[in-house]
Amino acid sequence: MKRVRILIKPKEGLLDPQGRAVEEMLRDNGFNAQHVRVGKLVEMEVPKGEDVKSIVEKFIINPLIEDYEIEEL
């Protein structure tokens with residue numbers, strides 16, 4: 001088995017209302033944060049040789065609005 005981490009982010013140029021809300025909240029509380037993006041993190045164990053990219057693209061992300069990175073842990 002191998003452990004993988006998938007970082008999922010909204011595609012550049014798409015609206016990210018959750019990121020915008022976090023950015024506004026931080027500014028309201030005196031922090032100067034910019035370009036905040038909110039995504040998801042998925043970790044899982046899969047058999048060695050499993051096609052993780054295929055799993056991610058078919059079942060985990062929405063390819064129209066999300067980008068992802070796979071990291072083997």
Worksheet entry | Exercise: identify the closest heavy-atom pair between Pro10 and Gly39 |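 Taking Pro10 first and Gly39 second, the nearest heavy atoms are CD-CA, 4.4 Å.
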Practice prompt. Using a cut-off of 6.0 Å, state whether more than 12 heavy atoms not belonging to Lys11 lie near its atom NZ.
Written response: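 It does: Lys11 NZ has more than 12 such atoms within range.
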Discussion item. Within a 6.0 Å radius of atom CG on Leu15, are there more than 12 heavy atoms belonging to other residues, nucleotides or ligands?
Written reply: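 No, the 6.0 Å shell around CG holds no more than 12 heavy atoms from other groups.
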N/O donor to acceptor pairs below 3.5 angstrom from side-chain atoms of residues 42-49, sequence neighbours left out:
{"from": "Glu43", "atom 1": "OE1", "to": "Arg3", "atom 2": "NH2", "distance (Å)": "3.0"}
{"from": "Glu43", "atom 1": "OE2", "to": "Arg5", "atom 2": "NE", "distance (Å)": "2.8"}
{"from": "Glu43", "atom 1": "OE2", "to": "Arg5", "atom 2": "NH2", "distance (Å)": "2.8"}

Fill in: Atom pair CG/CZ of Asp16 and Arg37 - distance to nearest 0.5 Å
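Answer rounded to 0.5 Å: 4.5 Å.
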Discussion item. Would you compute the distance between atom CD1 of Ile6 and atom CD of Glu69 and round it to the nearest 0.5 angstrom?
Written reply: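 These two atoms lie 11.5 Å from each other.
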Worksheet item: Do Val22 and Val38 touch side chain to side chain, with heavy atoms closer than 4.5 Å?
Response: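 SC-SC contact between Val22 and Val38 confirmed.
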Worksheet entry | Contacts of Glu50 that satisfy salt bridge (Lys or Arg N to Asp or Glu O under 4.0 Å) - sequence neighbours left out |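 With sequence neighbours excluded, Glu50 shows a salt bridge (Lys or Arg N to Asp or Glu O under 4.0 Å) to no residue whatsoever.
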Discussion item. Going by the rule side-chain hydrogen bond (donor to acceptor under 3.5 Å, both in side chains), which residues pair with Gln18 if we only count those two or more places apart in sequence or in a different chain?
Written reply: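 Per chain and number, Gln18 pairs via side-chain hydrogen bond (donor to acceptor under 3.5 Å, both in side chains) with no residue.
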Listing, residues 24-32 side-chain donor-acceptor contacts under 3.5 Å, not counting sequence neighbours, or none:
{"from": "Glu24", "atom 1": "OE2", "to": "Arg20", "atom 2": "NE", "distance (Å)": "3.2"}
{"from": "Arg27", "atom 1": "NH2", "to": "Glu23", "atom 2": "OE2", "distance (Å)": "2.5"}
{"from": "Asn29", "atom 1": "ND2", "to": "Met25", "atom 2": "O", "distance (Å)": "2.7"}

For residues 59-67, run the donor-acceptor check on the side chains, cut-off 3.5 Å, and write out each pair with its distance to 0.1 Å, sequence neighbours left out.
{"from": "Asn62", "atom 1": "OD1", "to": "Leu64", "atom 2": "N", "distance (Å)": "3.0"}
{"from": "Glu66", "atom 1": "OE1", "to": "Asn62", "atom 2": "N", "distance (Å)": "2.7"}
{"from": "Glu66", "atom 1": "OE2", "to": "Lys40", "atom 2": "NZ", "distance (Å)": "3.2"}

Worksheet item: What's the verdict on side-chain contact (heavy atoms from CB on, under 4.5 Å) for Val4 and Leu73, showing C-alpha distance, side-chain angles and the deciding distance?
Response: CA-CA 5 Å; Val4 294; Leu73 303 176; 5.9 Å; no
